[in-house]
2 protein chains.
Amino acid sequence: MKSDQIKTVALKYFTIHGYEGASLSQIAEEVGMKKQSIYAHFKGKDDLFLQVLHDAKENELSATRQYFNSLNSYNPKEDLYGFLRFVINLFQKSEQLKFWLRMSFFPPAHLAKEIEAEAVDIDEVVHELLENKFQTWLDASLLVGFSARTLTLAFLGVVDSIYLELVYGNDEKRLEEKLEASWKIYWKGISQR
Amino acid sequence: MKSDQIKTVALKYFTIHGYEGASLSQIAEEVGMKKQSIYAHFKGKDDLFLQVLHDAKENELSATRQYFNSLNSYNPKEDLYGFLRFVINLFQKSEQLKFWLRMSFFPPAHLAKEIEAEAVDIDEVVHELLENKFQTWLDASLLVGFSARTLTLAFLGVVDSIYLELVYGNDEKRLEEKLEASWKIYWKGISQR
DNA sequence: ATGTACCTTACGACCGTTCGTTAGTAAGGG
DNA sequence: CCCTTACTAACGAACGGTCGTAAGGTACAT
């Protein structure tokens, strides 16, 4: 499908150069067509962008849901650490997560409303999935001492720091070291009684 | 000074719209001049950008150094939490930190090298200031159980998560809640023996 | 005091280029 | 026959940047 090919290349350019810096002619050239031909597949730059955005969101959401479905529910240490590994893997496997992060943090002004709506949506889903997991662990007394909400928010903080390191992302060794440090102290903080 | 005024407005536009999305004519209009007049103060867009970048870096560096100089050295809990508060305050007081974060994570491609050099510089300074502090606390047995490096990296992770929340930044209440959760668990993790 | 030279700052006009977008048209498949 | 896809051609608008020029201030010699 040509339109998928266009979206793939567009994702790359939006990710590297941002919305304003990505030009249709460059995208078209990499696909192997003239920029006017893009208009046979999309209404315009905004339409292309929003479709790329929507796809990225859908993929991230379904991948996240899939990870949570694969958990055994009774090993918080393994499942939480696994989620961090899952995030890193997801980021490195496709450009969609990096695109997503760029656009949700620094959206093009005239599309900020639409982007924020999608961002809030995905945010709430992940938060809920995590908090429910924490609650089951609390109910089973596998964790104690903090509310499910506090555990979730702090864990999302660890995820955020991984995101930043990935986006910054030239130094694989640094990422590993930072992940291990954050995780070690987070786990010690929540596992001790 | 007119050139300072230009830099202030430019900082705002670079922060909101990115390098490519910020136009000299818009900046000039807000300053109250024509875009050609900007060339009486700067060699071009790149020059203006790099000067704004340099100023932002200098200010952030000196503010950070100032904070560390004000510490009493023997109250890790207060000093560390104070640093998180300091970061939040710094972010909200000026646009420079947000500008800095945007440009170090998503630099314009043709200036990536220069930006990265400055970013690495500031990064190393902050890291060193923090790790030295942790080492003095370890030497005084105010903390135990982790290396200064691990403590530093994990704490920088907490700072990162604050950065993200600030950049994302529409929800003050969420920021507070997340800060408290991350801090509570981080402190528990490093203070317990 | 006055004229002269120079520098800074600003502006109108305009450069070439690229932007996103539209119109018209031809080829090909169902 | 129509619908999709791709093309050439061209559009107005905006981009960053360069000209020449003019106003204002300062410095200095006359």
Side-chain angles (χ1 to χ4, degrees), chain A residues 1-56 95 99 102-103 106-115, chain B residues 1-56 95 99 102-103 106-115:
Chain A
M1 217 58 166
K2 257 295 161 51
S3 67
D4 286 348
Q5 204 181 333
I6 296 172
K7 284 197 275 187
T8 302
V9 175
L11 173 85
K12 175 178 145 190
Y13 276 85
F14 284 138
T15 303
I16 297 176
H17 300 104
Y19 178 89
E20 295 90 350
S23 88
L24 294 182
S25 57
Q26 280 176 40
I27 293 170
E29 191 183 358
E30 183 156 330
V31 173
M33 50 166 44
K34 300 291 169 183
K35 71 168 170 177
Q36 302 93 312
S37 305
I38 293 179
Y39 287 80
H41 301 270
F42 305 93
K43 291 180 186 170
K45 195 180 187 182
D46 282 6
D47 182 37
L48 171 58
F49 176 83
L50 289 173
Q51 286 199 34
V52 170
L53 183 83
H54 191 72
D55 287 3
E95 293 231 61
F99 167 84
R102 173 162 197 163
M103 293 313 156
F106 304 108
H110 74 291
L111 296 175
K113 282 272 172 295
E114 287 94 322
I115 295 171
Chain B
M1 215 59 164
K2 256 293 160 50
S3 65
D4 287 348
Q5 204 181 332
I6 296 172
K7 284 197 272 186
T8 302
V9 176
L11 173 86
K12 175 177 144 189
Y13 276 84
F14 284 137
T15 303
I16 298 176
H17 299 104
Y19 178 88
E20 294 88 351
S23 90
L24 294 182
S25 56
Q26 280 178 41
I27 292 170
E29 192 184 358
E30 182 156 329
V31 173
M33 51 167 45
K34 300 292 169 181
K35 74 166 172 179
Q36 307 92 293
S37 306
I38 292 181
Y39 287 81
H41 300 271
F42 304 93
K43 290 179 186 171
K45 194 181 188 182
D46 283 5
D47 182 36
L48 171 57
F49 176 83
L50 289 172
Q51 287 201 34
V52 170
L53 183 83
H54 190 72
D55 287 3
E95 292 231 63
F99 167 84
R102 173 162 198 163
M103 293 313 157
F106 305 108
H110 74 292
L111 296 175
K113 282 273 172 295
E114 288 94 322
I115 296 172

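These values consider heavy atoms only, across backbone and side chains, with no hydrogens, waters or symmetry-generated copies.
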Look at the side chain of Lys45(B) and the backbone N and O of Ala22(B), then say whether any donor-acceptor pair between them is shorter than 3.5 Å. yes
Kindly indicate whether the side chain of Ile6(B), heavy atoms from C-beta on, has any atom under 4.5 Å from the side chain of Met33(B). yes
Rounding to an integer number of Å, can you tell me how far Lys43(B) NZ sits from dG16(D) P? 19 Å
Gap between atoms NZ and P, on Lys45(A) and dA13(D) respectively (whole Å): 19 Å
Mind telling me whether Tyr19(B) and Phe14(B) have parallel, tilted or perpendicular rings, with 30° and 60° as the class edges? parallel
Report yes if some heavy atom in the side chain of Lys7(B) is under 4.5 Å from a heavy atom in the side chain of Asp4(B); otherwise report no. yes
Taking the six-membered ring for Trp, are Phe99(A) and Phe49(A) ring centroids under 6.0 Å apart? yes
Could you check which residues of residues 14-42 of chain B get a heavy atom under 4.0 Å from DNA chain C? Sort them by number, please. Met33(B), Lys34(B), Gln36(B), Ser37(B), Ala40(B), His41(B)
If you draw a 6.0 Å radius around CD in Glu29(B), do more than 12 non-hydrogen atoms from other residues or ligands fall strictly inside? no
Using atom CG of Asp46(A) as one end and atom C1' of dC19(C) as the other, report the distance to the nearest whole Å. 14 Å
dA6(D) phosphate, OP1 or OP2: any side-chain N/O from Lys2(A) under 4.0 angstrom? yes
